[in-house]
Protein chains: 2
Amino acid sequence: MTNKHLQRAEETKQTILTAAEKLFVKKGFDAVSIREIAKEAKCSHTTIYLYFKDKEALLHELSMPSLEKLYDSIRKITDTASKTAEAKLKEISHLFIRFCLTNKNMYTIFINEKSSRVDEVDPNLEINKIRIRLFSLIQQTLGECIKIKSDEQLLAFSRIYFYNLYGILSTYSYQHEPTEVLIERLTPTFDLSVEVLLSGFKQIVRSEQK
Amino acid sequence: MTNKHLQRAEETKQTILTAAEKLFVKKGFDAVSIREIAKEAKCSHTTIYLYFKDKEALLHELSMPSLEKLYDSIRKITDTASKTAEAKLKEISHLFIRFCLTNKNMYTIFINEKSSRVDEVDPNLEINKIRIRLFSLIQQTLGECIKIKSDEQLLAFSRIYFYNLYGILSTYSYQHEPTEVLIERLTPTFDLSVEVLLSGFKQIVRSEQK
DNA sequence: CAACATTACTAACCACTGGTTATTATATAA
DNA sequence: TTATATAATAACCAGTGGTTAGTAATGTTG
């Protein structure tokens with residue numbers, strides 16, 4: 001058996017992950033260096049490269065559990081029968097926004113500064129799988145809000161919905177204030193924006209039916 | 001007279017600016033280091049610090065003329081009497097998008113990753129002055145599109161409009177393809193989004209009048 | 001048990017970064 | 001000519017991401 005090897009490896013990997021998490025939360029993803037993480041984890045910085053391709057890969061692995069949790073929470077909402085689609089959409093969006101603001105590091109996973117380089121949106125990457133699942137869940141809920149003509153139109157409307165989300169997130173993610181303060185500040189405008197968008201979507205659909 | 005001193009200083013500053021511009025265009029703002037710029041400008045990297053606080057200050061100074069040009073172009077549109085407000089708004093937005101995609105470096109000036117740290121939106125900074133002027137021009141045009149109740153509401157609607165713009169820009173700015181390709185790809189969805197938003201805005205206003 | 005192989009880890013190094021300070025040129029003024 | 005203000009730089013600092021060659025620790029096999 002190669003038991004002690006495996007165990008040891010697992011342990012150091014975990015140590016690195018928790019060290020990284022601690023620093024990311026404290027200083028923000030960009031402000032933390034690989035060597036700092038190594039120091040915190042009490043290992044050589046080269047060891048980190050043994051387990052993770054780079055800092056971003058570390059963040060991705062670190063984010064998986066939180067993302068799964070987010071997915072489950074959203075799933076719970078979509079599966080509720082007693083709510084209207086619009087109420088669901090709002091609730092989901094709030095959850096999503098809160099998540100991104102709380103995990104400001106992970107926000108980059110969605111806006112994917114690097115990973116959207118078209119040529120390298122590796123769909124096999126675990127992180128992208130869950131991203132896609134999350135997106136389609138929101139898209140689906142949006143579809144339930146409006147009687148939509150075609151998949152094409154739903155896609156277009158979803159994009160617009162996401163642009164609005166992204167815009168808000170990119171605006172507020174760089175304001176260094178407690179999440180709760182930010183949420184309080186952005187919620188009224190965001191809720192209004194959802195109303196505007198849904199109302200607009202419906203209007204377009206209606207005008208096309210004539 | 002301190003002529004030759006002044007002249008020499010002006011010259012090296014200009015050399016640095018053009019060197020920086022060349023590299024920014026070629027490799028993108030983030031990928032260029034101060035030392036690279038120095039090498040390109042055939043001076044010591046310390047010289048650059050004599051003229052610019054940091055790389056961002058350099059970008060700002062570099063951007064001023066382009067921004068002024070953008071402002072003038074937009075101004076020309078708003079001052080045209082023969083067009084409807086909606087047509088103006090669309091045209092302005094297209095100009096704005098094209099500008100941000102062409103000058104991907106400057107896009108960060110608007111989404112202002114750093115400068116939006118609330119505590120340091122220095123309104124005396126030349127770059128922020130023109131930013132504000134640009135924003136209020138768009139806001140004003142938006143106001144002409146819809147009969148709006150209060151300044152408050154106009155502000156809220158403008159924010160929503162900008163979120164949409166930002167969302168699109170942050171999504172497409174990181175795709176490394178020729179500007180024209182990107183614009184072709186995003187224009188249909190963007191135009192649709194403007195229609196959706198305006199239609200939504202109007203609906204809200206209408207429903208409030210009842 | 002001895003010899004080997006695999007795995008986990010690290011020290012030393014590389015070329016680079018942003019930024020500061022003490023020093024040297026260069027042009028102007030006394 | 002000497003003094004002075006300005007422009008520019010070399011040398012340095014502490015840090016970065018990343019690689020390579022070599023060392024411990026654990027497993028396997030003869």
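In what follows, chains are A, B, ... by sequence order, proteins preceding strands, each numbered from 1.
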Trainee: Between dG17(D), dA8(C), dT9(D), which nucleotide has the shortest distance from any of its atoms to the side chain of Ser33(A)?
Mentor: dG17(D)
Trainee: Take atom NZ of Lys13(B) and atom P of dA8(D), then tell me their distance rounded to the nearest Å.
Mentor: 12 Å
Trainee: Counting heavy atoms from C-beta on, name the nucleotide in dA8(C), dA7(D), dT10(C) closest to the side chain of Arg8(A).
Mentor: dA8(C)
Trainee: Find the distance between OH (Tyr51(A)) and OG1 (Thr15(A)) and round it off to the nearest 0.5 Å.
Mentor: 9.0 Å
Trainee: Nearest of dC9(C), dA12(C), dT9(D) to any side-chain atom of Thr12(A)?
Mentor: dC9(C)
Trainee: How close or far is atom P of dA25(C) from atom CG of Leu50(B), stated in whole angstroms?
Mentor: 17 Å
Trainee: Think Thr46(A) has a side-chain N or O under 4.0 angstrom from the OP1 or OP2 of dC9(C)?
Mentor: no
Trainee: Under 3.5 Å, which donor-acceptor pairs do the side chains of residues 95-103 of chain B form with other protein atoms, sequence neighbours left out?
Mentor:
from, atom 1, to, atom 2, distance (Å)
Arg98(B), NH2, Glu180(B), OE1, 2.9
Arg98(B), NH2, Glu180(B), OE2, 2.9
Thr102(B), OG1, Arg98(B), O, 2.4
Asn103(B), ND2, Phe99(B), O, 2.8

Trainee: Can you measure Asp30(A) atom CG to dT17(C) atom P for me and round it to whole angstrom units?
Mentor: 19 Å
Trainee: Will you find, in the side chains of Ser170(B) and Tyr163(A), an N or O donor that is under 3.5 Å from an N or O acceptor?
Mentor: no
Trainee: Cation-pi between Arg133(A) and Tyr71(A): NZ/CZ under 6.0 Å from ring centre and within 45° of the ring axis?
Mentor: yes
Trainee: Take atom NE2 of His45(A) and atom P of dT20(D), then tell me their distance rounded to the nearest Å.
Mentor: 13 Å
Trainee: Within the structure shown, what part of the strands sits under 4.0 Å from Thr47(B) by heavy-atom distance: base, sugar-phosphate, or nothing?
Mentor: base
Trainee: Select one nucleotide: of dT16(D), dA11(C), dT7(C), the one nearest the side-chain heavy atoms of His5(A).
Mentor: dT7(C)
Trainee: Using OP1 and OP2 only, check whether a side-chain N or O of Arg35(A) sits under 4.0 Å from dA14(D).
Mentor: no
Trainee: Round to a whole Å and report the spacing from CD of Glu10(A) to P of dA25(D).
Mentor: 21 Å
Trainee: Please give, in whole Å, the distance from dT28(D) P to Lys4(A) NZ?
Mentor: 13 Å
Trainee: Roughly what angle, to 10°, lies between the helix axis at the start of the helix from dC1(C)-dG30(D) to dT28(C)-dA3(D) and the one at its end, five pairs per end?
Mentor: 30°
Trainee: Are Phe162(A) and Phe135(A) an aromatic pair, judged by ring center distance below 6.0 Å?
Mentor: yes
Trainee: Of the nucleotides dG18(C), dG17(D), dA7(D), which one has an atom closest to the side chain of Tyr49(B)?
Mentor: dG18(C)
Trainee: Roughly how many Å is it from NZ in Lys55(A) to P in dG18(D), rounded to a whole number?
Mentor: 10 Å
Trainee: Nearest whole Å is fine: how far is dT17(C) P from Ile37(B) CD1?
Mentor: 10 Å
Trainee: Once side chain to side chain contact (heavy atoms under 4.5 Å, CB included) is applied, do any residues pair with Asp191(A), and if so which ones, sequence neighbours excluded?
Mentor: Lys90(A), His94(A), Thr187(A)
Trainee: Should the ring pair Phe201(B) and Phe157(B) be called parallel, tilted or perpendicular, given that the plane angle runs from 0 to 90° and is split at 30 and 60?
Mentor: parallel
Trainee: Among dG17(D), dT10(C), dA7(D), which nucleotide has an atom closest to any side-chain atom of Ile34(A)?
Mentor: dG17(D)
